[in-house]
Amino acid sequence: MAGLELLSDQGYRVDGRRAGELRKIQARMGVFAQADGSAYIEQGNTKALAVVYGPHEIRGSRARALPDRALVNCQYSSATFSTGERKRRPHGDRKSCEMGLQLRQTFEAAILTQLHPRSQIDIYVQVLQADGGTYAACVNAATLAVLDAGIPMRDFVCACSAGFVDGTALADLSHVEEAAGGPQLALALLPASGQIALLEMDARLHEDHLERVLEAAAQAARDVHTLLDRVVRQHRAELRGGHRLVLGAGFPAADPAHLHVGERHGLHHGGGAVCGRRPCPGFCPGLRRPPQEVGGSASGLA
Amino acid sequence: MAMEMRLPVARKPLSERLGRDTKKHLVVPGDTITTDTGFMRGHGTYMGEEKLIASVAGSVERVNKLICVKALKTRYIGEVGDIVVGRITEVQQKRWKVETNSRLDSVLLLSSMNLPGGELRRRSAEDELAMRGFLQEGDLISAEVQAVFSDGAVSLHTRSLKYGKLGQGVLVQVSPSLVKRQKTHFHDLPCGASVILGNNGFIWIYPTPEHKEEEAGGFIANLEVISRLRNCIISLVTQRMMLYDTSILYCYEASLPHQIKDILKPEIMEEIVMETRQRLLEQEG
């Protein structure tokens with residue numbers, strides 16, 4: 001469109017946002033019961049779905065198994081109805097492969113793969129509607145899905161795109177802003193430590209401006225982290241609420257003195273479970289005294 | 001024939017329905033658990049820059065000096081003595097590979113399997129060649145965990161008459177964290193079916209053997225009982241209730257007034273599970 005200004009004189013963008021403002025983000029975890037982990041995210045009009053299977057035994061060629069690490073396999077797919085014009089995208093095409101490779105690099109940096117030697121983790125991402133920032137939405141959805149699957153990660157991976165118009169850095173670009181042709185940068189960040197998992201840009205940007213654009217993207221990624229953190233806690237609280245009540249109810253002759261937490265009984269007891277051994281010896285063999293819960297010493301929204 | 005269609009409806013969060021407030025200490029990856037270096041780090045944590053940081057999203061548990069974070073949903077982690085139900089995926093040279101919903105496929109060694117007739121001898125080359133005659137790809141077995149390897153892979157054995165290949169029945173796959181640890185995992189329910197609650201989340205429902213003698217051809221006559229049990233288990237799992245013989249039985253009895261196919265409808269599922277919960281609370285307190 002001729003004469004479309006991406007940033008007005010008052011500092012408003014095409015959709016009414018400010019320069020550093022993110023689009024509305026809504027996310028849900030655990031959307032599929034049959035997968036190990038799944039998540040759905042909407043960033044403005046960009047919608048992405050991520051599904052994680054694993055860790056599991058390597059299927060197909062046994063030779064690909066790494067003896068000391070897990071293999072991370074990412075696949076990206078874009079629905080035919082995701083863009084303005086319906087376009088059939090075959091699975092092995094260049095853009096999908098490149099995106100899959102970028103996702104793999106991002107998640108290999110974040111997932112603690114040394115804990116699962118000889119196994120494979122599959123991450124499948126599908127974009128249902130693409131309105132700019134598809135890489136960022138994919139990474140955010142995949143992070144939630146990996147968390148849902150219980151796979152250990154160093155930290156969240158939060159991603160956001162950024163651009164540069166009229167001397168101002170813009171965060172979270174929409175399709176209109178991307179199509180305008182200015183420089184765009186995609187950043188995937190590990191917020192707690194500030195480490196960059198992936199930084200990608202394929203346009204020309206003067207090095208003087210790089211610092212500002214990078215800072216805008218990093219700040220936006222940290223804002224995304226705040227939102228995702230809230231989503232995870234809410235999801236956990238929902239599930240935990242149901243789980244806890246049931247464990248207290250199902251045990252005949254439940255004695256509060258026997259309520260304890262311990263890793264010894266593995267994951268078949270939730271927190272605060274009663275030992276299922278009958279007859280209960282009155283203490284957990286291997287523990288000297290009932291352990292206490294840890295007081296609040298963690299950072300983040302509690 | 002009538003057909004029923006439903007529009008999608010937002011799920012009600014469980015805590016709303018139960019009205020329970022939880023005070024568990026929830027952490028997400030990247031959260032610092034403690035800066036005190038006196039603690040040992042357990043599962044779900046890693047050490048970074050003098051701090052103990054969580055690596056999964058879950059609740060922090062502390063046992064004396066050991067801190068670990070337990071994720072709500074993980075794959076099955078084998079422990080010695082667990083009963084598991086698994087499916088054969090591969091027949092290798094002296095062992096079978098069994099899929100048990102864990103991080104790596106489990107292993108069933110030829111030497112850990114009982115020979116027909118109960119003879120005790122060294123397995124020979126003929127036994128190796130006859131392996132496929134015992135168990136093929138796709139067969140379901142029940143077994144016990146003998147040992148756990150260092151990388152987490154589990155070694156199984158079927159050195160008892162109660163373990164072995166499973167015949168006619170229905171398999172239900174649930175999350176391993178919902179199967180309660182009990183003294184025995186083989187239950188004969190009074191309704192005419194038996195159930196094996198595998199610790200790995202695989203639940204096998206089959207007709208009780210006495211009933212099976214009467215039929216010829218191996219077809220299940222009381223398929224209704226088995227279908228009803230299956231739907232009851234699925235409804236318990238959807239409401240995140242622990243699975244054990246009493247809860248399954250109570251749920252079965254609570255579902256009797258309804259038709260089998262209605263049990264999976266959300267409102268009826270809630271009603272049945274609510275009644276089950278009530279009965280369990282009454283029985284306990």
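Values below: every heavy atom of this structure, side chains too, minus hydrogens, waters and symmetry copies.
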Identify the heavy atoms of [X] and [Y] that sit nearest to each other, and give their distance.
{"X": "A:Ala192", "Y": "B:Gly30", "value": "CB-O, 3.8 Å"}
{"X": "B:Asp151", "Y": "A:Pro117", "value": "CB-CG, 4.0 Å"}
{"X": "B:Lys73", "Y": "A:Asp148", "value": "NZ-OD2, 3.4 Å"}
{"X": "A:Val232", "Y": "B:Ala57", "value": "CG1-CB, 4.0 Å"}
{"X": "B:Ala71", "Y": "A:Gly150", "value": "CB-CA, 4.2 Å"}

Legend entry - Donor-acceptor under 3.5 Å (A:Glu57 side chain, B:Asp105 main chain): yes

Pairwise distance [atom1]([X]) to [atom2]([Y]) - rounded to 0.5 angstrom:
{"X": "A:Asp155", "Y": "B:Ile53", "atom1": "CG", "atom2": "CD1", "value": "8.0 Å"}
{"X": "A:Asp229", "Y": "B:Leu26", "atom1": "CG", "atom2": "CG", "value": "10.5 Å"}
{"X": "B:Leu72", "Y": "A:Arg236", "atom1": "CG", "atom2": "CZ", "value": "5.0 Å"}

Inset, instruction - Sort A:Ile151 into side chain, backbone, both or neither according to what part of it lies under 4.5 angstrom from a heavy atom of chain B. - result: backbone

Inset, instruction - Counting only heavy atoms closer than 4.5 Å, note whether A:His56 contacts chain B via side chain, backbone, both or neither. - result: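 When you check distances to chain B, atoms from both the backbone and side chain of A:His56 fall under 4.5 Å.
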
Over 12 foreign heavy atoms within 6.0 Å of [atom1], [X]:
{"X": "A:Phe32", "atom1": "CZ", "value": "no"}
{"X": "A:Gln234", "atom1": "CD", "value": "no"}
{"X": "B:Glu267", "atom1": "CD", "value": "yes"}

Legend entry - Most chain B-contacting option - heavy-atom pairs closer than 4.5 Å, from A:Leu112, A:Ile121, A:Asp36: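 Winner by heavy-atom pair count: A:Asp36.
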
Inset, instruction - Test B:Arg103 against A:Arg118 for side-chain contact (heavy atoms from CB on, under 4.5 Å), laying out the working first. - result: CA-CA 9 Å; B:Arg103 291 181 193 147; A:Arg118 297 194 296 116; over 6 Å; no

What part of [X] is in contact with chain A, defined as an atom under 4.5 angstrom from a non-hydrogen atom: side chain, backbone, both or neither?
{"X": "B:Lys51", "result": "neither"}
{"X": "B:Ser175", "result": "neither"}
{"X": "B:Glu282", "result": "neither"}

Inset, instruction - Kindly indicate whether the side chain of A:His116, heavy atoms from C-beta on, has any atom under 4.5 Å from the side chain of B:Arg75. - result: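 The answer is no, as the side chains (C-beta and beyond) never meet within the 4.5 Å cut-off.
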
